[in-house]
There are 2 protein chains.
Amino acid sequence: MGKPGPKRTLSGDVIVTAALALLDERGAEAVSVRGIAARVGVAPNAIYTYFPDKAAVLRAIVDRLIGEQGLEVLAGDRPWRERIVAVALGLRENLLRHPGAAVLMMSAPMDGPRALELGERLLDVLAEAGLPPDDAARASYALIVHVLGSIALEAAEVDPTKPAPPEAERVAARRLAFAAVPAEVFPRSAAAADVMAAYVSEEQFRWSLGRLLGGLA
Amino acid sequence: MGKPGPKRTLSGDVIVTAALALLDERGAEAVSVRGIAARVGVAPNAIYTYFPDKAAVLRAIVDRLIGEQGLEVLAGDRPWRERIVAVALGLRENLLRHPGAAVLMMSAPMDGPRALELGERLLDVLAEAGLPPDDAARASYALIVHVLGSIALEAAEVDPTKPAPPEAERVAARRLAFAAVPAEVFPRSAAAADVMAAYVSEEQFRWSLGRLLGGLA
DNA sequence: ACCTGAACACCGTTCAAGT
DNA sequence: ACCTGAACACCGTTCAAGT
């Protein structure tokens with residue numbers, strides 16, 4: 001139904017998919033309007049039929065990735081802390097698959113509908129946990145800050161122009177870097193080098209999230 | 001002393017200062033090698049005498065800003081939590097003066113000497129607080145994640161191309177944005193709109209940092 | 001409505017050359 | 001050693017035109 005219209009070889013979704021592929025394969029600076037257009041086989045300015053500018057394409061990538069996180073776990077019947085940890089782990093896993101995207105999440109206000117939905121479900125859980133509304137609101141923000149901050153710092157450690165390395169590899173690379181810390185001037189950092197290498201791991205992610213959750217209620 | 005050498009009209013510091021000024025006055029995308037060169041009155045490629053590439057200039061900005069944070073408070077005799085809150089507030093205040101720089105802190109590993117120094121002093125405090133070395137190491141990372149994440153999300157809310165607005169103005173702008181949230185579909189978000197508007201405030205920053213600190217020891 | 005061609009005002013970086 | 005001029009291979013975005 002509806003008139004066919006001229007060509008319609010394109011769509012916002014196709015553009016976002018191409019942009020994300022570019023981001024994953026060749027890193028943030030490869031995500032150019034011209035690069036996206038070339039990948040979908042179209043003239044550069046055709047992109048502007050679907051997005052007002054490049055920044056809008058980047059925001060759409062963020063929205064897509066947030067939306068990929070299912071929120072059903074939050075409504076489950078496990079203890080509330082476990083449910084929050086489960087979504088946080090899901091977000092982490094997905095975002096680390098797109099390391100270049102992590103920093104995008106912190107570059108603009110996340111005010112899209114998917115972000116609001118995530119926030120609202122988080123408020124549900126925290127209310128159920130017994131927090132008064134004001135504390136629940138503050139706590140939900142603290143959680144989002146912590147999860148996104150962890151992921152961004154973790155993603156900053158990986159080279160986005162090559163396929164995402166397994167965690168063990170990231171930790172090993174960091175251990176190597178820490179071996180160079182002079183123990184005379186930074187004794188504690190040098191002594192804790194093994195732990196500091198493991199900053200970029202799920203274990204550290206779980207640990208710090210657990211401590212924050214412990215402080216919240 | 002020492003031969004004068006040809007010109008020496010430039011230095012790494014001068015370049016970083018110019019880049020930071022550009023960042024503050026006209027936002028992240030105005031920080032170009034050519035823009036910096038123009039501001040210091042030099043040919044674009046002169047920058048490459050002091051930095052291998054643009055990314056190195058950005059890292060130097062991060063290092064400069066970390067270095068501006070005095071660490072004496074950490075060694076004071078107030079209760080340890082208060083000392084950590086004090087440096088965190090200092091970092092926040094300084095970074096919000098350079099909103100475009102906040103996201104740079106999360107874009108690359110912070111492995112410079114100033115970052116190491118900050119980490120080491122944090123470990124001092126946490127050891128003094130009675131944490132075993134492994135926990136202290138994990139805790140210091142959790143704190144850094146939280147502080148930088150908070151600041152980045154807060155800075156994402158301000159337009160970096162105009163002078164940093166006072167906090168009250170940022171909160172008011174956000175309250176206005178939240179007034180549009182449909183209460184039927186996001187009841188909790190709408191009900192807590194006032195608190196959510198205040199996410200971008202020192203009060204929220206103190207609150208969530210306090211909860212994290214409570215969970216750590 | 002959707003797409004193209006051509007153009008404008010920019011980029012980062014490299015290279016050979018001047019002092 | 002430090003800086004310049006000129007060039008290369010790119011950018012994002014706009015405008016007029018075609019279907």
Side-chain angles (χ1 to χ4, degrees), chain A residues 1-23 25-62 100-101 103-104 107-108 159-161, chain B residues 1-23 25-62 100-101 103-104 107-108 159-161:
Chain A
M1 281 268 140
K3 326 260 168 53
K7 294 279 188 65
R8 186 144 292 284
T9 63
L10 227 49
S11 75
D13 267 356
V14 169
I15 291 170
V16 172
T17 301
L20 197 47
L22 238 24
L23 186 67
E25 290 165 17
R26 305 205 279 114
E29 54 200 34
V31 183
S32 65
V33 173
R34 299 176 105 104
I36 297 166
R39 181 177 257 261
V40 299
V42 102
N45 44 3
I47 305 296
Y48 292 88
T49 306
Y50 298 87
F51 294 94
D53 52 30
K54 182 184 173 181
V57 179
L58 299 181
R59 282 196 303 270
I61 291 178
V62 169
V103 67
L104 291 182
S107 310
D159 179 351
T161 75
Chain B
M1 282 267 136
K3 329 259 168 53
K7 294 278 189 65
R8 188 144 295 281
T9 62
L10 228 49
S11 77
D13 266 355
V14 169
I15 291 170
V16 171
T17 300
L20 196 47
L22 239 25
L23 185 67
E25 290 165 16
R26 306 207 276 115
E29 55 200 34
V31 184
S32 64
V33 174
R34 300 177 105 104
I36 297 166
R39 182 176 254 264
V40 298
V42 103
N45 45 2
I47 305 298
Y48 293 87
T49 307
Y50 298 87
F51 295 94
D53 51 29
K54 181 185 171 179
V57 178
L58 298 182
R59 282 196 302 271
I61 292 179
V62 168
V103 68
L104 290 181
S107 309
D159 179 350
T161 74

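Remember, predicted model here, so these are calculated numbers, not experimental data. Chain letters run A, B, ... following the sequence lines, proteins first, then strands; residues in each count from 1.
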Test of understanding: with side-chain hydrogen bond (donor to acceptor under 3.5 Å, both in side chains), list the residues that count as partners of [X], not counting sequence neighbours.
X       : value
B/Thr17 : B/Arg64
B/Asp13 : none
A/Ser32 : none
B/Arg39 : B/Glu25

Grab the two heavy atoms, one from [X] and one from [Y], that are nearest each other, plus how far apart they are.
X       : Y       : answer
B/Ala60 : B/Phe51 : CB-CE2, 3.8 Å
A/Leu23 : A/Ala28 : CD1-CA, 3.6 Å
B/Val31 : B/Ala19 : CG2-O, 3.9 Å
B/Pro44 : B/Ala37 : CA-CB, 3.5 Å

If I take atom [atom1] in residue [X] and atom [atom2] in nucleotide [N], what distance separates them, rounded to the nearest angstrom?
X       : N      : atom1 : atom2 : answer
B/Arg34 : D/dT4  : CZ    : C1'   : 13 Å
A/Ile47 : D/dC11 : CD1   : P     : 13 Å
B/Ile36 : C/dT13 : CD1   : P     : 11 Å

Look at the side chain of [X] and decide which nucleotide, out of [options], has an atom nearest to it.
X       : options               : result
B/Tyr48 : D/dG12, C/dG12, D/dC3 : C/dG12
B/Ala46 : D/dT4, D/dC11, C/dG12 : D/dT4
A/Val33 : D/dC3, C/dT4, D/dT13  : D/dT13
B/Tyr50 : D/dC3, C/dC2, C/dT4   : D/dC3

Side chain to side chain contact (heavy atoms under 4.5 Å, CB included) partner of A/Ile15, the single match among A/Ile36, A/Val42, A/Thr49: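 Checked A/Ile36, A/Val42, A/Thr49 against A/Ile15; only one passes side chain to side chain contact (heavy atoms under 4.5 Å, CB included): A/Ile36.
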Below 4.0 angstrom from OP1 or OP2 of D/dC3, is there any side-chain N or O of B/Thr9?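 True: B/Thr9 side-chain N/O within range (under 4.0 Å) of D/dC3 OP1/OP2.
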Work out how far the P atom of C/dA9 is from that of D/dA9, and round it to whole angstrom.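 C/dA9 and D/dA9 have their P atoms separated by 22 Å.
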Interface residues of residues 51-62 of chain B with DNA chain D (non-hydrogen, below 4.0 angstrom):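 The answer is none.
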Base-paired stems that DNA chain C participates in, counting runs of 3 or more Watson-Crick or G-U pairs under 3.5 Å: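 As far as DNA chain C goes, consecutive pairing (with distances under 3.5 Å) yields the stems C:4-8 with D:12-16, C:12-16 with D:4-8.
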